[in-house]
Amino acid sequence: MPQLEASPAIDFHTETYKDAYSRINAIVIEGEQEAHDNYVQLAELLPNEKDRLISLSKMESRHKKGFEACGRNLEVTPDMEFAREFFAQLHKNFQDALPEGRIVTCLLIQSLIIECFAIAAYNIYIPVADPFARKITEGVVKDEYSHLNFGEVWLKEHFEESRTEVEQANRQNLPIVWKMLNQVKDDAHILGMEKEALVEDFMIQYGEALSNIGFTTRDIMRMSAYGLVAA
Ligand code: PL3
Ligand code: FE2
Ligand code: FE2
């Protein structure tokens with residue numbers, strides 16, 4: 001007799017699940033690759049932090065390998081073209097800021113926005129993941145908190161001189177995150193992840209980060225809802 005379960009278990013082997021996974025898995029693989037590249041480039045801009053940043057970049061390479069294994073385990077081919085398109089706007093904004101030495105913008109994009117997005121996504125994914133991917137993702141999310149912490153500490157130490165640029169970069173990039181979330185919400189739903197939960201977790205991580213850096217609750221309210229209404 002099949003056992004009754006409180007909530008219906010997800011079948012990880014249906015075509016519907018695998019089709020959605022081919023995009024979400026690609027996004028995560030591409031996100032980890034870009035995070036690697038971004039930390040390598042940040043290491044050039046911040047020679048004092050070089051060793052730390054190179055060590056973060058190596059962690060991102062390991063994350064990428066882990067998620068590639070998750071796709072292989074489900075016999076899914078990641079749709080990398082979709083994923084590159086998905087990150088194109090954030091990628092461009094990072095690459096535009098880099099040659100101009102806008103370190104604050106680069107750190108906000110990578111260590112705050114992308115890491116918070118990853119932490120939210122991985123936290124929500126863990127309880128609904130297949131057992132193999134769950135183990136991998138649990139290991140990864142621990143590292144992501146330390147990457148977020150790197151950005152927080154740096155921005156806190158440079159708070160007064162960087163707050164205007166943080167606000168500008170937030171205004172430029174946060175609306176992009178809400179658009180990205182809208183682009184994945186249907187696939188995420190098939191994997192058992194709800195948009196509302198992702199938004200909530202992101203807001204908590206990002207708001208806490210801004211608070212640790214030195215922004216007031218009032219600033220955080222204003223900054224973290226930017227672009228959300230349109231999403
Ligand atoms: C930085 O270390 C990692 C960057 C990865 C960004 C991931 C964003 C993921 C958004 C897609 C939501 C579903 C996630 C499912 C998790 C396997
Ligand atoms: Fe990562
Ligand atoms: Fe990371």
Side-chain angles (χ1 to χ4, degrees), residues 10 12 17-18 20-40 42 52-71 73-74 76 78-80 82-91 94 106-107 109-152 173 176-202 205-206 209:
I10 298 173
F12 305 110
Y17 189 92
K18 287 168 67 171
Y21 206 83
S22 72
R23 286 178 294 278
I24 302 270
N25 184 231
I27 286 170
V28 173
I29 292 168
E30 177 66 20
E32 298 292 356
Q33 176 66 50
E34 294 204 16
H36 164 273
D37 301 348
N38 290 349
Y39 284 121
V40 170
L42 276 166
R52 183 79 207 285
L53 285 161
I54 294 299
S55 113
L56 300 193
S57 78
K58 289 184 178 149
M59 291 158 100
E60 304 296 18
S61 287
R62 279 200 297 278
H63 298 169
K64 178 189 172 193
K65 291 200 180 83
F67 288 123
E68 284 172 337
C70 295
N73 178 55
L74 294 179
V76 166
D79 183 345
M80 297 311 296
F82 174 86
R84 271 188 288 274
E85 192 54 40
F86 182 80
F87 278 104
Q89 278 185 286
L90 283 187
H91 180 84
F94 186 98
C106 291
L107 274 178
I109 293 174
Q110 176 56 49
S111 293
L112 257 54
I113 290 188
I114 296 181
E115 300 294 357
C116 284
F117 196 19
I119 289 170
Y122 299 163
N123 278 340
I124 305 297
Y125 177 58
I126 285 167
V128 292
D130 66 84
F132 180 85
R134 182 178 307 165
K135 251 193 130 69
I136 302 259
T137 311
E138 280 169 349
V140 168
V141 77
K142 287 198 195 89
D143 289 347
E144 307 302 10
Y145 282 105
S146 75
H147 303 175
L148 170 59
N149 183 258
F150 175 85
E152 285 174 353
N173 293 287
I176 298 172
V177 173
W178 304 129
K179 274 191 226 150
M180 291 165 79
L181 204 52
N182 268 339
Q183 281 171 32
V184 284
K185 70 174 195 306
D186 296 340
D187 287 330
H189 175 79
I190 291 169
L191 270 51
M193 308 161 67
E194 299 309 327
K195 180 188 165 188
E196 290 69 29
L198 289 162
V199 171
E200 182 182 311
D201 207 276
F202 177 86
Q205 308 299 336
Y206 192 63

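Read the numbers this way: they start at 1 and go in the same order the structure lists the ligands and their atoms. As a basis for the values below, the full set of heavy atoms in this structure was taken, side chains included, without hydrogen atoms, waters or symmetry mates.
Ring geometry, F117 versus F86: the interplanar angle falls under 30°, so the pair is classed parallel (tilted spans 30 to 60°).
The salt bridge (charged side-chain N to carboxylate O under 4.0 Å, His left out) check on D201 picks up nothing, with sequence neighbours excluded. Applying the side chain to side chain donor-acceptor pair (under 3.5 Å) criterion to Y17, with sequence neighbours excluded, gives no partner residue.
Rounded to the nearest 0.5 Å, atoms CD1 (I119) and CG (D143) are 10.5 Å apart. Going from atom CG of N173 over to atom CD1 of I109 covers 4.0 Å, rounded to the nearest 0.5 Å. Considering CD1 of I27 and CZ of F82, their distance stands at 4.5 Å, rounded to 0.5 Å.
With a cut-off of 2.8 Å, the protein N/O/S atoms near the Fe ion (ligand 3) add up to 5.
Minimum interatomic distance between V128 and L191 (heavy atoms only, all atoms of both residues): CG2-O, 3.3 Å.
Given atom 12 (C) of ligand 1, the protein heavy atom at minimum distance is A121 CB, 3.8 Å. Nearest to atom 5 (C) of ligand 1 among the protein's heavy atoms is Y122 OH, 3.5 Å. When hydrogens are left out, the protein atom nearest atom 4 (C) of ligand 1 is I114 CG2, 3.6 Å; that is the closest non-hydrogen contact. From the protein, the heavy atom lying nearest to atom 15 (C) of ligand 1 is I24 CG2, 3.4 Å. Among protein heavy atoms, atom 10 (C) of ligand 1 sits closest to F117 CZ, 3.7 Å.
The atoms of ligand 1 that sit less than 4.0 Å from any heavy atom of E60 are 1 (C), 2 (O). The M193 neighbourhood of ligand 1 comprises atoms 13 (C), 14 (C), 15 (C), with distances under 4.0 Å to a heavy atom of that residue. Less than 4.0 angstrom separates some heavy atom of E32 from each of these atoms of ligand 1: 1 (C), 2 (O), 3 (C).
Residues in residues 26-39 take part in these side-chain hydrogen bond (donor to acceptor under 3.5 Å, both in side chains) pairs, two or more places apart or across chains: E32-H63, E32-Y122, Q33-D37, Q33-K64, E34-H91, N38-Q110, Y39-S111, Y39-E115.
The side-chain heavy atoms of R134 and E138, taken from C-beta on, include a pair separated by under 4.5 Å. The shortest side-chain heavy-atom distance between L148 and L112 falls under the 4.5 Å cut-off.
Nearest-residue assignment for atom 1 (C) of ligand 1 (options E115, M59, R23; heavy-atom criterion): E115.
In terms of modelled atom types and a separation under 3.5 Å, the side chain of N25 and the main chain of F67 share a donor-acceptor contact.
The proximity of E144 to ligand 1, defined as any non-hydrogen pair under 4.0 Å, is limited to the side chain. Only the side chain of A35 comes within 4.0 Å of ligand 1, counting heavy atoms alone; its backbone N, CA, C and O stay farther away.
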